[in-house]
Each structure stands twice: as C-alpha cells, then as structure tokens.
Amino acid sequence: MSAQITVTVAGSERAVAEQTTAGELFEGDRAVVVARVNGQLRDLFHALADGDVVEPVTVDSEDGLAVLRHSTAHVLAQAVQSLHADAKLGIGPPIRDGFYYDFDVETPFHPDDLKALEKAMQKIINEGQTFERRVVTDADALVELKDEPYKCELVGLKGGNADEAAEGAGVEVGAGELTIYDNIRRDGTRAWGDLCRGPHIPSTKLIGNAFKLMRSAAAYWRGSEKNPQLQRVYGTAWPTKDELKAYLDRLAEAERRDHRRIGAEMDLFSFPDELGSGLVVFHPKGGVIKREMEDYVRRRHIEEGFSYVGTPHISKEALFHTSGHLPYYADTMFPPMELEGAKYQLKAMSCPMHNLIYQSRGRSYRELPLRLFEFGGVYRYEKSGVVHGLTRVRGMTQDDSHSYVTAEQAPAEIKHLLDFVLGLLGDFGLDDFYLELSTRDTEGEKSSKFIGSDEQWEAATKVLEEVATASGLELVPDPGGAAFYGPKISVQARDAIGRTWQMSTIQYDFNQPERFGLEYQAADGSRQQPVMIHSAKFGSIERFLGVLVEHYAGAFPVWLAPVQALGVPVAEDYADYLGEVLDRLKRKGVRVELDASDDRFPKKIRNASKSKVPFTLIAGEDDRAAGAVSFRYRDGSQKNGVPVDDAISEILAAIESRAQV
RNA sequence: GCUGGCGUGGCGCAAUUGGUAGCGCACCUGUCUUGUAAACAGGCGGUUAGGGGUUCGAGUCCCCUCGCCAGCUCCA
C-alpha cells in the first residue's frame, strides 16, 4: 500500500495517496484545466506533495483562459511546423482575447494559409494529444533545440528578466528551471515539443472547435526594428463555441462603430486622397461637432483662468532649436522650407510660441499662475504605416495650453488641471479610460534622450504621481514614455476594437523655461525661473472626436448632435405647421431640419432613424389640431401629442444638461 | 518605415480559365403623399486609384507610384 499525504483542496484538508496528481483531485470536472498549487499554476499532471495547498483553476477564469490560449498557440505552432517543415519558432504567449505565435518562415502567410492551418490544428486537437512537462538542463536544451535559433536565444536569456528581453518571452522560459513540453499522441508517440514554461491544459481535446486564426502580420523579433521580422499569426480561443461566436459578434459590432465608417455614413468628415495621407476635411455635420467641442473647451479654459492666445503655423527653425525639439523630432517634422535665406518649419507643437508670449515683457510673481491657451494647428510627419483615421493624423488641432507657475505653485496647478480634465471627460460622457504616468528611463539606450538633473526629474515625477494617485483612478506606469523635457500624466481611452489612444496630457516641464531663459521677479526683488506645465484637454481635437464617434456609435448626446431635432410631417399638408414649430426651436439655437422631401411617411421615419438624430418631431392632423407634436426617440419609442411649449422645453433641457437620449 | 493584404460610379458589392463592366442604395425627373424602418416608373453616373508593360484582347497577369486596411516599430 502506498503512503498517504495530506493536501488542502479548495480550502479543506484531504488525505490522498502519495503521487496523486492535481488532476485526480478534480476528476470529472472538465472545466478545471490547471491547478494552483501553493500559489503556483501547475499542470493537472503535477504530482502533489504533503502539505500542498491546491485550488482548481477553471477554463473560464482569467488564468484558465490564458492557459487554454497558450496551449492553443502550441497547437498552432505544431500545425505550422507540420505544414512548413523549415519554420523556426519565436514566441507564442496568450494575450487579451487570444494568443499569437511568431514564426520565421521562408514565405509570409497568405490569408488562405490560415484556413489550411486551422484545418491542421483541428486534426491535432481531435487527436487528443497530451501536454507533458519535461525538465531539461540548459545544455541539453541547446542540443535538443539546435535547429531553433530563437529558442536557443531565449535559453540564454533565462532568468528573471526574460519578459524584459522580449515581451511575452516569460511564457517560454520562466525564472526557474527550464522545461520542454512534449505533445504525446494516444499511442504514446511524441508528436511535437516546444521549449515552454507552461502550464498547459491536459489534452488538446479541450480546445474543441472554439478557436479561430484571425490574421497574420510581421512583428520584429524581440520587439526591436533592428531585428529581423518574424511572421506573427494571431488567433483566439474560448471555452465554448458559443463564447467564440459571441466574441466574433463583438468584433463585428465594433466594426460597425468604427469612426471611419460612421464618419462617411453620417457625412461628418473625409480624407480626400488629393490632400494626402493623414489630412482630414470636416463636412458641415462634422464641423458642428468640432465647433461645439471648441466652444466648450474655450469657455471652460477661460473659466479656469486661461487667456486665449493665437500663434502662427510656421516659424523660423531656430525657435525649435531653442526649445530643444528639433534635435529630437526633426524626422517627424515636415521638412523646412527656405525663404529669404531662412529656414521655416511647420510647427509640431505650440509651446515655444507661448514662451515667446511669456517673454514679450517682464513678468511679476503677481501674474503667476499665468495661463495661455489656444487651438494650435500642428503638423507632424507621422510614418506612413501609423496614420489611422482621425486617431493618428498628420495635421491636427491641439487645445494646447501652458501654465507658468512658481515651483511652489506647481502641485496645486497640476491638481487644478487634472480636475479640469476629468470634469471635461465627464461632460463628454467618456468613462472607458485610465491614467498613465510616463517617466524617463534611467538606463537603456533611450536614457540619454532625457535632459535635466536627477533631482528635477524626481521632484517633477513625485508631484505628478501624487496628484494622479489622489484621483483614485487606475494609474498605469509607463517607464521611458516621457518626453525629453519632463514627465507626464496622460489619459488613455480605448477605441472600438480595444486599441488605446492618448487623449489629455499634463506635463511638468523644467527644461523649456531654462532654455528660453524665462523668469519673473519675485516678491523679494530677485529674478526666478518659472515652471511650465503643458496641458491638453482633448489632446488632439480630431482624435477626441474620433473616439467620441466610436463611444457613441454616432448617436451623440443632444448637445453634440449635428442635427438635434428633425421634423417629419405625416403628410405634405402638415409641413408648414411643423416648420413653424422648428422655427421656434431654431430661434432658441437648436439645430433643426425639416424633411420636406417627397418621400412618403414610412420612408421618412426610416431615414430619420438611420440618421441617428436624437429627436424626431412628427406632426399630423391630431397634433396640429391639438397644438402639439409627437416625439420619436432613437430607440423607436414615442410620445404623442406633446404641447409645443413642453416639447421645446424638453429639447432645450436635454441640450442644457448634455443629456443622452 | 517594415511585412502582408487590398483599391471597380458618392456608398456597399458583382463580373467563369484574360473576351470588351453589372446590381442595390444615394442622386435626378415624373406620378404619388394622412401616423412610426424602404410607394411606383423612368433616367444620369465608371478611360475599373494613377502610370508603364505583356497580349489579338487586361478590372483580371507583371513592374512602379499613390492611397487604404491589419500588425510590428514609433508617437513632443
């Protein structure tokens, strides 16, 4: 008879035979894919020791999903090598909603290749191969993997910093012992194997048919453009076919929200080829939204103590040398144009020009904080592959503002600005965002780009961090992400397909005041250097508008809607009556339209519905006789016979309160 | 910038192995107009992104440029 050991299973103690595996504890529960043993994720084949604390990890948990997806990535890799014998393996980690695996292959994958790979994967899955863990020494691994140069490179990186060396590499080589996972067929033969930390699901069978390969694209090995590009295949995997379908439906829904699609459908803006890549024109309806945004933020800046200023779109290049921008960003500024022996540059940021306003006369401490603000039209030569709808353009409008303060005033001003930003995001109804704190890199190849003393960086970073933390919002560190002249807090918002974009920013700058020699006279008569705080509330008005379009899927709150009330007469006869109601609204500043076309009533309702106008006002005989109108809302619900005065009040109130209806 | 995929009237799409560009919506004209997502009829509109090549013949094949999409890298 075998000896007994005691383990704690899901909170209660149990005596089991020695050599019992984690999987045996949860036999019969197919949802359990791995186990957490003493806090560590382990395969179900893991043999338990006396005193182990074991928790089941089910496939629908965050960890369980990651394991499922990581195992699916292995199946993909096996499929790739079965179809392309010379494919070399990179890394293959789970990611949000799926996984990827990188391969070095002679010919990049064509979309049709993915179909063939899916078939090969299904075959492997149906074989019910088990994932078996095997500990190897570094030396043995290097021999066994002699045909896998990328894996060998990872063996050399093993240790706590594998993930730093290559994002995702931590799933291949952990901090501890080196392991290889073998895929074993039912007849006991070895189908395939891969250097991997694990853990894995017990059998490929568990993947079922709830996976799909999504796309392929190149990715630089270990994330550096100095390295060769591998071919990355992205896929997704879910516990059930239904969940896979729900995910695919979500993606399809996101595609319908895409601001580039809605922008065209709703006639908001376009990107004419004749202008060039990354340059947008706003059509009248998009112009309304842009103007509402600008009116709002101009008013709010003035309320928050800013003065509205104006500066030109170009400047002699020396200004950007003084500011220090040119050495850093020359390749992303449009090239200079030469006139009268001087080189002029399109501006990519407004701060140097605001510094000139500050500098235009002597400043007293009594003037501080001095706050300047404008809509700066800036141009950046973004690389061709990154230009993207409204979210990454080459010509944009920044609500660029700068607070000049004493060092002592800086913390309060940063808090003031963060409150301002968060209030603005609330007024626009955005809630899917988080804060990011971008700091400098103190080591690594980029560390030299940051200027200023250690003390300055430390002090500035501390101020930003304290204020950001106090907001109570999620705060994500972004080491190395700072601009060369100082750290920043930024608001990151998500687009329809989950990509995040930088929106508002607050940056602490001790460099430009130094470079421009800015000063003010203090109460004691001495000359002091101010601190400059850059802030942008929308960031780029174009980008913010794009994110708004996706957030609302085009169904804007009333105050932003291009057309706020659309009149639809039941028949031609009632157009004049409805027109009078609309005129009254128009006199109150409401944006109205009357559908006086010769379409019939149902068609007009359909058009109104498709236009996403918040209030459709309908009038027929009943309404006219009663001095009323009928509302039709975006959800198709209706309210009939509303007295005209009440109707007007309802619409005005919705605009005033920035309500979504 | 890199890798791959794409580019057909304003929009969404179609066009067997290369054989001489079609459809829906929108738009225009006419008839029509009474209660909540499409009245009917007729019509206009494309040197198939641009340029070059192969071919008797190119939307379909090849090359270059521009633009778009996805990912990677970058992002003051």
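Order of the sequence lines fixes the chain letters, A, B, ..., with proteins taken first and strands second; residue numbering starts at 1 for each chain.
No side-chain donor from either of A:S350 and A:Q398 sits under 3.5 Å from a side-chain acceptor of the other. A:E621 and A:Y574 form a side-chain donor-acceptor contact under 3.5 Å, judged by distance and modelled atom types alone. Under 3.5 Å, the side chains of A:Y220 and A:Q229 contain a donor-acceptor pair of N or O atoms. Side-chain N/O atoms of A:S630 and A:D623 include a donor and acceptor closer than 3.5 Å. Looking only at atom types and distance, the side chain of A:E317 has no donor-acceptor partner in the side chain of A:S315 under 3.5 Å away. Between the side chains of A:S323 and A:Q512, no donor N or O sits under 3.5 Å from an acceptor N or O. Judged by distance alone, the side chains of A:T439 and A:T461 never bring a donor and an acceptor atom under 3.5 Å apart. For the residue pair A:S270/A:H283, the side-chain donor-acceptor check at 3.5 Å is satisfied. Remark: the A:H84 side chain and the A:E106 side chain contain no N/O donor-acceptor pair separated by less than 3.5 Å.
Where A:S597 and A:Q229 each meet RNA chain B at their nearest nucleotide, the meeting point lying more 5' is that of A:Q229. Each of A:A219 and A:G278 was matched to the nucleotide of RNA chain B holding its nearest heavy atom; the match closer to the 5' end belongs to A:G278.
Side chain of A:Q502, nearest nucleotide from B:U36, B:G71, B:A76: B:A76. Listed candidates were B:U3, B:G35, B:C72. Nearest to the side chain of A:V386 is B:C72. Taking only side-chain atoms of A:E225, from C-beta outward, the nucleotide of B:A76, B:C68, B:U73 with the closest atom is B:U73. The A:H325 side chain lies nearest to B:A76 when the options are B:G71, B:A38, B:A76. When distances are taken from the side chain of A:Y234 to each of B:G4, B:C72, B:G67, the shortest belongs to B:C72. Distances were taken from every side-chain heavy atom of A:F601 (C-beta onward) to each of B:A39, B:C2, B:U36; the shortest belongs to B:U36. For A:M349, the listed nucleotide lying nearest its side chain is B:A76; candidates were B:U34, B:G67, B:A76.
Look at A:S384 and you won't find any side-chain N or O under 4.0 angstrom from OP1 or OP2 of B:G67. Contact annotation: A:R222 side-chain N/O to B:C72 OP1/OP2 distance is not under 4.0 Å. Remark: A:H388 is in phosphate contact with B:A70, judged by side-chain N or O atoms under 4.0 Å from OP1 or OP2. Using a 4.0 Å cut-off, no side-chain N or O of A:R600 falls inside it from OP1 or OP2 of B:C40. Dashed line: the shortest gap from a side-chain N or O of A:Y220 to OP1 or OP2 of B:C74 is not under 4.0 Å.
Taking atom P in both B:C68 and B:G52, one finds a spacing of 24 Å when rounded to whole Å. Remark: the separation of the C1' atoms in B:U33 and B:U47 is 43 Å, to the nearest Å. Look at the P atom in both B:U3 and B:C44: the space between them is 47 Å, to the nearest Å. Distance noted for atom P between B:A26 and B:C11: 15 Å (whole Å). With P as the reference atom, B:U65 and B:A14 are 28 Å apart, rounded to whole Å.
Among residues two or more places apart in sequence or in another chain, the side-chain hydrogen bond (donor to acceptor under 3.5 Å, both in side chains) test is passed with A:E550 by A:H259.
In the interface, the side chain of A:E382 is not paired with the base of B:C75 through any donor and acceptor atom under 3.5 Å apart. For B:C75, the base has a donor-acceptor partner in the side chain of A:R392 [N/O atoms by modelled type, under 3.5 angstrom].
Taking the six-membered ring for Trp and the full ring otherwise, A:H354 and A:F373 have centroids separated by 6.0 Å or more. Taking the six-membered ring wherever Trp is involved, the centroid distance between the rings of A:Y100 and A:Y234 falls below 6.0 Å.
Using the six-membered ring where Trp is involved, A:F103 and A:Y101 have ring planes that are parallel, under 30° apart on the 30 and 60° scheme.
As rounded to whole Å, 12 Å separates atom C1' of B:C32 from atom CG of A:D599. Rounded to a whole Å, the CG atom of A:D598 is 9 Å from the C1' atom of B:U33. Here B:G1 presents its P atom at 5 Å from OH of A:Y381, a figure rounded to the nearest Å. Taking atom CZ on A:F109 and atom C1' on B:A70, their separation rounds to 16 Å, with Å as the unit. Distance A:Y329 OH to B:C75 P: 7 Å, rounded to the nearest Å. Summarising the geometry, the separation between CG on A:L319 and P on B:A76 is reported as 19 Å, rounded to the nearest angstrom. Residue A:F269 contributes atom CZ, which lies 14 Å from atom P of B:C68 at whole-angstrom precision. The OH-P distance, from A:Y577 to B:G35, rounds to 18 Å in whole Å.
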Report, as a single string ordered 5' to 3', how protein heavy atoms within less than 4.0 Å touch nucleotides 9-16 of chain B: B base, S sugar-phosphate only, - not at all. --------
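Among the heavy atoms of the strands lying under 4.0 Å from A:A218 is at least one base atom, whether or not backbone atoms are also near. Here A:R394 lies out of heavy-atom contact (under 4.0 Å) with every strand. Counting any heavy atom pair closer than 4.0 Å across all strands shown, A:H534 reaches no nucleic acid atom. Looking at heavy-atom distances under 4.0 Å, A:S630 makes contact with a base. Counting any heavy atom pair closer than 4.0 Å across all strands shown, A:Y328 reaches no nucleic acid atom. Contacts of A:T332 with the nucleic acid, taken as non-hydrogen atoms under 4.0 Å apart, include base atoms. Among the atoms of the strands shown, base atoms are found under 4.0 Å from some heavy atom of A:R632. Counting non-hydrogen atoms under 4.0 angstrom, A:S216 reaches nothing in the nucleic acid.
Residues from residues 604-613 of chain A placing a heavy atom under 4.0 Å of any atom in RNA chain B, listed by number, are A:I605, A:R606, A:S609, A:K610. For the segment residues 480-492 of chain A, the set of residues with a heavy atom within less than 4.0 Å of an atom of RNA chain B comprises A:A483, A:Y485, A:K488, in numerical order.
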Annotated structure of RNA chain B as dot-bracket, pair cut-off 3.5 Å, Watson-Crick or G-U only, | for inter-strand, is (((((((..((((.....[..)))).(((((.......))))).....(((((..]....))))))))))))....
Mind listing the side-chain donor-acceptor pairs of residues 495-502 of chain A below 3.5 Å, one per line with the distance, residues two or more places apart or on another chain?
unit_1 : atom_1 : unit_2 : atom_2 : d
A:D495 : OD1    : A:I497 : N      : 3.0
A:D495 : OD1    : A:G498 : N      : 3.0
A:D495 : OD1    : A:R499 : N      : 2.9
A:D495 : OD2    : A:R499 : NE     : 3.1
A:D495 : OD2    : A:W501 : NE1    : 3.1
A:R499 : NH2    : A:H388 : NE2    : 3.3
A:Q502 : OE1    : A:K488 : NZ     : 2.9

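A cation-pi arrangement is found for A:K639 relative to A:F631, the charged atom lying closer than 6.0 Å to the ring centre and inside a 45° cone about the ring normal.
Looking at A:K604 and A:D599, no side-chain N of the basic residue comes within less than 4.0 Å of a carboxylate O on the acidic one, giving no salt bridge.
Using a 4.5 Å cut-off on side-chain heavy atoms (C-beta onward), A:Y485 and A:H534 make contact.
Within a 6.0 Å sphere centred on NZ of A:K88, other residues, nucleotides and ligands contribute more than 12 heavy atoms.
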